[in-house]
Amino acid sequence: MITFDRFTLDNGLNVIVHNDTSTPLVAVNILYDVGSRDEDPNRTGFAHLFEHLMFGGSANIPKYDEPLERVGGENNAFTNNDITNYYLTIPKENIETAFWLESDRMFDLAFSEKSFDVQRNVVVEEFRQNYLNQPYGDAWLLLRPLAYKVHPYQWSTIGKDISQIENAEMDEVKAFYKKYYNPCNAIMVVAGDVTTDEVRELTEKWFGPIRKGEPLLRSLPAEPAQEEARSITAERNVPFDSLYKAWHMCGRLDPEFYATDLISDLLSAGQSGRLYQELVKKQQLFSDLNAFISGDVDAGLFVITGKLMKGVNFKDVEKAIAVQLEKICTEAANETELRKVKNRMESMMAFSEMRILDKAMNLAYYELLGDAGLINQIIEKYEQVKASEIMEQAQKILKPTNCSTLYYKAI
Amino acid sequence: MMINRKQQPEVNPLDRYRLTEPEVYTLTNGIKVVQFDAGTQELVRIEFIFRAGSWFQANNFTSLATNLMLREGTKFHTSQQLSDSLDFYGAHLETTAEKDNAYITLYTLNKHLPYTLPLLEEIIKHASFPESEFAIFVGKQRQMLQVNMEKVNFVARTKFNPLLFGKSHPYGNFLTVNDIDNFNYTDLAGFHKAHYNAANCTIMVAGKVDPQLPSLLSDAFGGSDWMDVKPSVLTFDVKPETGKTHYLAKDNALQSAIRIGRLLFDRHHEDYMGMKVLNTIIGGYFGSRLMSNLREDKGYTYGIGSAVIPLQHSGYFFISCEVGSDTTDDALKQIEIEMARLCIDLVPETELKLVRNYMLGSFLRGIDGPFAMADNYRDVMENGFGNDFHYAMLETIRSITPLQLKQLAIKYLNPAEMYQLVVGKETK
């Protein structure tokens, strides 16, 4: 059970406080409700580029990192399809520096032309390092536009291609800031040996004067139902063939999310998962094979991906996967297997709350989903899932017509 | 109230350092248990440390394969039965083999301990290494290695240490597909018997320790049934390469992986602590000299860093990054400039003050929660130290002078003494 308090400033900043006296550190997590799904299709990769620029200087502070390091703090950030999340840990005695730094970059940005040029280059190198110069690194860049035809999940957070980042202009970046980086579009979590009163006082002092900004009205096009199977083949200089299959599934807030998540666990959680035992161990068709859900806020993807053993072909492995999917659609999981995936969930939740920063991040994310209190209800939601519901969801999702397949072929 | 946003709030000194002392006890058969009882969640991590790293193997792949195969079957249960049971109780088992030690780590909720601990016992004591499982394991490992060999960063990582230690030294050798193909399966059982036994093991417990845990541990692991002689410590000669500059071609690579470094020492050396501070300055944090120059000023790389790596019998220093093929040459030049600067100019007081505080903050991050506490303690315990080492380190962080840092740089960061490896597309 994670307890917390909550308050909102007049400018709309939503603040969560979690008290934990066992740690000398305070974690501050600020989640901005903007991700790559909010980007202009011709300016993809922007939300993430912007995350880099947030460290390039704000209205009154020329460099973000230095003052934080000077008081023993450390920070980082990440961007995904849905959110941009900034986090730091700082020794408790210097907590005010965190409020000073974070409020100034919510107040106004002032990064230089030079910082802009440099960070564009850094992101281009990041693109190369993680997507282009890695075996199989571009698979998701190919799979997303195959699965999504309308919804902005069709591009990756890094962007569709490097040129869109290279061509980013200063005024576009400024407009992006104005639209999304407002207090009413942010959730701040402060966790550690702090009281709510102390946090409220500091928050009002540093964040209170910030303009309210326009509340964000998001209206993204829903992805229409997929009616027929899609596939593409990519030929690359890699050692082994690799298979990627993606089916459309529900969004994070839909009630059937939990049953859907458990399908992926039955198939592939731990080494006892069905796909691993059947197709990696018994039939030896894959060297590795995983099933997982993308976990996006809007309707997401249910994915199966694996590398084929040398000498095995796509047709045979697809047939073998189909047998497993048929089974999960037609036979209810027995008591023991269902208990297993639920026990695993319970355990994973407990282990994911070990560090103060983990707790702060989780609270912010659940608050974005509607209520930080969800963090204490998740286990119960998985507990309530029945075997019949899992089967029902599997039948609904795992149809060939709902599937996009990437054949990543070694040449 | 008007606030001054230009002024950083008061910077308070960081002096609250109370390191938690572990509880240490011994099982009847002599196994030392080091225990950190902390945290709020009803769970625990139990880690077995065996002196069974690649240092102790006669053939490449023996240490790793033995470690990873432990969970693939015992005298009493098949691999699948073990996985089913571990997953059923929501437990997570990690097996890792490094250069000096090999580890088996169980993560479990306290309420399942009476079921998960006996599974761990069986895996550690009664692993049977079924041949059929080994065949599957080899197929997977082989493919994984082949995929990794396509990554410039992986190639640079594996091919760098042989330059420092020599290919036949355990710290220098690396696994090849050939090693896997030529491996003799019967090595596994022998290595297991000789190294995974009570005489060669330490246990670390971290988490909210259940009152029944010590007796459960004692029942499972305290007996004389799995004693053996402590293996003798082997020694090897370090035979560094004579040439310092090396290049490995990887056609059509968009980026080159760069690795630059040299031999150092283990934690006992008088310069070890000072080198940790110097390392932080050059490449050990986001604001480091290398990050500021190659990333934040020139945009050459997504990230560059350096590290001082202490091992049981030696140690080394390295700098690593991936940079665009077109900027590789200048990146190498800039790295050299940064090393040379530290040998010539004193580190300014303001920078050193920042680094001191950053390191003190990192120290706190290193003891946040029971797992971090245990990791932090284990690291120095492996070199025969306890928290005294950490207190001495804190003292060094607070007191080291710019002059001492310059002297260390002259001794250990002389560009002419560095080994350099570039993996990527030829540019010149």
Side-chain angles (χ1 to χ4, degrees), chain A residues 20 22-25 59-60 65-67 69-74 89-91 93-94 96-97 100 104 107 117-119 121-122 125-126 128-129 132-135 205-206 237-240 269-272 277 281 284 287-288 307 309-310 336 339-340 343-344 346-347 350-351 353-356, chain B residues 1 3 5-6 8-12 14 16 38-43 79-80 83-84 86-92 107 109 136 139-140 143-144 146-147 150-152 252-255 285-287 295-302 322-324 353-354 357-358 360-362 364-365 368-369 371:
Chain A
D20 176 349
S22 73
T23 168
L25 295 170
N60 302 288
D65 292 277
E66 256 179 51
E69 288 157 352
R70 199 178 297 141
V71 296
E74 189 168 65
T89 52
I90 191 166
E93 40 280 76
N94 287 318
E96 190 159 3
T97 285
W100 170 65
D104 203 52
F107 185 74
D117 286 346
V118 166
Q119 291 309 319
N121 285 340
V122 169
E125 291 304 325
E126 182 180 356
R128 287 180 176 166
Q129 182 171 324
L132 305 182
N133 207 33
Q134 292 290 337
K205 174 176 171 187
W206 291 103
N237 184 16
V238 290
F240 308 103
Q271 295 203 1
S272 69
Q277 284 300 333
K281 299 286 297 278
Q284 293 165 44
S287 62
D288 66 77
K307 284 189 190 67
M309 289 300 286
K310 195 95 197 162
T336 314
R339 188 71 261 145
K340 176 186 81 175
N343 282 351
R344 264 190 108 255
E346 182 194 9
S347 186
F351 278 98
E353 292 165 4
M354 287 299 286
R355 296 181 315 155
I356 193 70
Chain B
M1 173 180 53
I3 47 172
R5 289 191 181 273
K6 303 236 182 265
Q8 177 162 12
E10 194 182 348
V11 176
N12 294 306
L14 303 173
R16 293 183 306 154
T40 49
Q41 306 279 358
E42 286 291 341
L43 53 80
S79 163
Q80 180 166 9
S83 297
D84 275 341
L86 284 168
D87 286 341
F88 182 82
Y89 294 110
H92 176 66
Y107 297 80
L109 296 183
I136 299 166
K140 281 164 38 187
Q143 290 209 180
M144 225 155 73
Q146 282 172 286
V147 171
E150 295 298 312
K151 302 174 185 169
V152 289
N252 59 49
L254 296 169
Q255 289 181 318
Y285 74 117
F286 190 84
R295 175 176 149 139
E296 293 299 292
D297 185 58
K298 304 205 170 55
Y300 284 171
T301 179
Y302 180 42
E322 284 156 75
V323 299
K353 191 170 174 218
L354 182 150
N357 276 345
Y358 171 77
L360 294 173
S362 293
L364 289 181
R365 276 180 282 281
D368 178 27
F371 294 175

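In what follows, chains are A, B, ... by sequence order, proteins preceding strands, each numbered from 1.
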> When heavy-atom pairs shorter than 4.5 Å are enumerated against chain A, which of B:K298, B:M144, B:E296 gives the highest number?
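Heavy-atom pair counts peak at B:E296.
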> Tell me, side chain or backbone of A:L132 under 4.5 Å from chain B's heavy atoms, or both, or neither?
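When you check distances to chain B, atoms from both the backbone and side chain of A:L132 fall under 4.5 Å.
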> With a 3.5 Å distance limit and no angle check, can you tell me whether A:W100 reaches the backbone of B:R5 through a side-chain donor-acceptor pair?
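At least one qualifying donor-acceptor pair exists.
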> Using non-hydrogen atoms and a 4.5 Å limit, figure out which bit of B:K6 sits close to chain A: side chain, backbone, both or neither.
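For B:K6, backbone and side chain are both near chain A.
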> Can you tell me which portion of A:V71 sits under 4.5 Å from chain B's heavy atoms? Options are side chain, backbone, both or neither.
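The answer is both parts of A:V71.
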> Under 4.5 Å, counting heavy-atom pairs only, tell me which of B:V11, B:N12, B:L86, B:L14 racks up the most with chain A.
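Greatest number of close heavy-atom pairs with chain A: B:N12.
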> Please tell me whether A:E74 and B:Y358 have a donor and an acceptor in their side chains that are separated by less than 3.5 angstrom.
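Present: a donor and an acceptor within the cut-off.
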> Between CE of A:M309 and OG of A:S287, what distance do you get to the nearest 0.5 Å?
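The CE atom of A:M309 sits 6.0 Å away from the OG atom of A:S287.
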> Heavy-atom distances under 4.5 Å only: say whether A:F351 touches chain B with side chain, backbone, both or neither.
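The answer is both parts of A:F351.
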> Does the side chain of B:P9 come within less than 4.5 Å of A:W206's, by heavy atoms?
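Of all side-chain heavy-atom pairs linking B:P9 with A:W206, at least one is under 4.5 Å.
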> Need one label for B:V323: side chain, backbone, both or neither, based on atoms under 4.5 Å from any heavy atom in chain A.
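Backbone of B:V323 only, per the 4.5 Å heavy-atom cut-off to chain A.
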> May I ask you to name which of B:D84, B:D368, B:T40 has the most heavy-atom pairs under 4.5 Å with chain A?
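Between B:D84, B:D368, B:T40, the count favours B:D368.
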> So which residue, A:T23, A:D20, A:L25, ends up with the most heavy-atom pairs under 4.5 Å with chain B?
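So the answer, after comparing A:T23, A:D20, A:L25, is A:L25.
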> Which of the residues A:E353, A:Q134, A:R339, A:K310 is involved in the greatest number of heavy-atom pairs with chain B at under 4.5 angstrom?
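Of the options given, most contacts go to A:E353.
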> With sequence neighbours excluded, tell me which residues meet side-chain hydrogen bond (donor to acceptor under 3.5 Å, both in side chains) with A:E66.
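A:E66: no side-chain hydrogen bond (donor to acceptor under 3.5 Å, both in side chains) contacts found.
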> Highest number of heavy-atom pairs under 4.5 Å with chain A: which of B:E42, B:Q146, B:R365?
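Between B:E42, B:Q146, B:R365, the count favours B:R365.
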> Looking at A:Q129, A:M354, A:Q284, which has the largest count of heavy-atom pairs under 4.5 Å with chain B?
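The candidate making the most pairs under 4.5 Å is A:Q129.
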> Determine whether B:K151 and A:P135 make a side-chain contact, defined as any pair of heavy atoms from C-beta on separated by less than 4.5 Å.
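Sidechains of A:P135 and B:K151: in contact.
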> Distance from A:F240 atom CZ to A:D288 atom CG, nearest 0.5 Å?
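Going from CZ on A:F240 over to CG on A:D288, the span is 10.5 Å.
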> Would you check if A:N121 and A:D117 make a side-chain contact, meaning some heavy-atom pair closer than 4.5 Å?
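Side-chain contact under 4.5 Å: no.
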> With a 4.5 angstrom heavy-atom cut-off, is it the side chain or the backbone of B:L360 that approaches chain A, or both, or neither?
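Contact with chain A involves no heavy atom of B:L360 at all.
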> Between B:I3 and A:K205, is any pair of side-chain heavy atoms under 4.5 Å apart?
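Contact flag for B:I3/A:K205 side chains = yes.
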> Between B:S79 and A:K281, is any pair of side-chain heavy atoms under 4.5 Å apart?
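Side chain of B:S79 against side chain of A:K281, heavy atoms only: contact under 4.5 Å found.
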> Checking B:R295 side chain against B:Y302 main chain: does a donor-acceptor pair fall under 3.5 Å?
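Here the side-chain-to-backbone pair exists.
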> Below 4.5 Å, heavy atoms only, C-beta onward: do B:Q143 and A:P239 meet side chain to side chain?
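Counting from C-beta outward, B:Q143 and A:P239 never come under 4.5 Å.
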> With a 4.5 angstrom heavy-atom cut-off, is it the side chain or the backbone of B:E10 that approaches chain A, or both, or neither?
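Interface part for B:E10: backbone (N, CA, C, O).
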> Side chain, backbone, both or neither: which part of A:D65 has a heavy atom under 4.5 Å from chain B?
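When you check distances to chain B, only side chain atoms of A:D65 fall under 4.5 Å.
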> When heavy-atom pairs shorter than 4.5 Å are enumerated against chain A, which of B:S83, B:G361, B:G324 gives the highest number?
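Looking at each of B:S83, B:G361, B:G324 in turn, B:S83 comes out on top.
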> Among B:G287, B:A91, B:S362, which has the most heavy-atom pairs under 4.5 Å with chain A?
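So the answer, after comparing B:G287, B:A91, B:S362, is B:G287.
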> Between A:N94, A:V238, A:N343, which has the largest tally of heavy atom pairs under 4.5 Å with chain B?
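Most pairs with chain B among the choices: A:N94.
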> Which bit of A:E126 comes within less than 4.5 Å of chain B, counting heavy atoms only: side chain, backbone, both or neither?
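Both backbone and side chain.
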> I'd like to verify something: which residue of A:K307, A:E346, A:R355 has the highest number of heavy-atom pairs under 4.5 Å with chain B?
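Highest number of pairs under 4.5 Å: A:E346.
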> Which bit of B:Q8 comes within less than 4.5 Å of chain A, counting heavy atoms only: side chain, backbone, both or neither?
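Contact with chain A involves both backbone and side-chain atoms of B:Q8.
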> Less than 4.5 Å to any heavy atom of chain B: does that hold for the side chain of A:Q271, its backbone, both, or neither?
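The answer is both parts of A:Q271.
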> Among A:Q277, A:R344, A:K340, find the residue that satisfies the side chain to side chain donor-acceptor pair (under 3.5 Å) test when tested with A:S272.
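Of the listed options, the one satisfying the test is A:K340.
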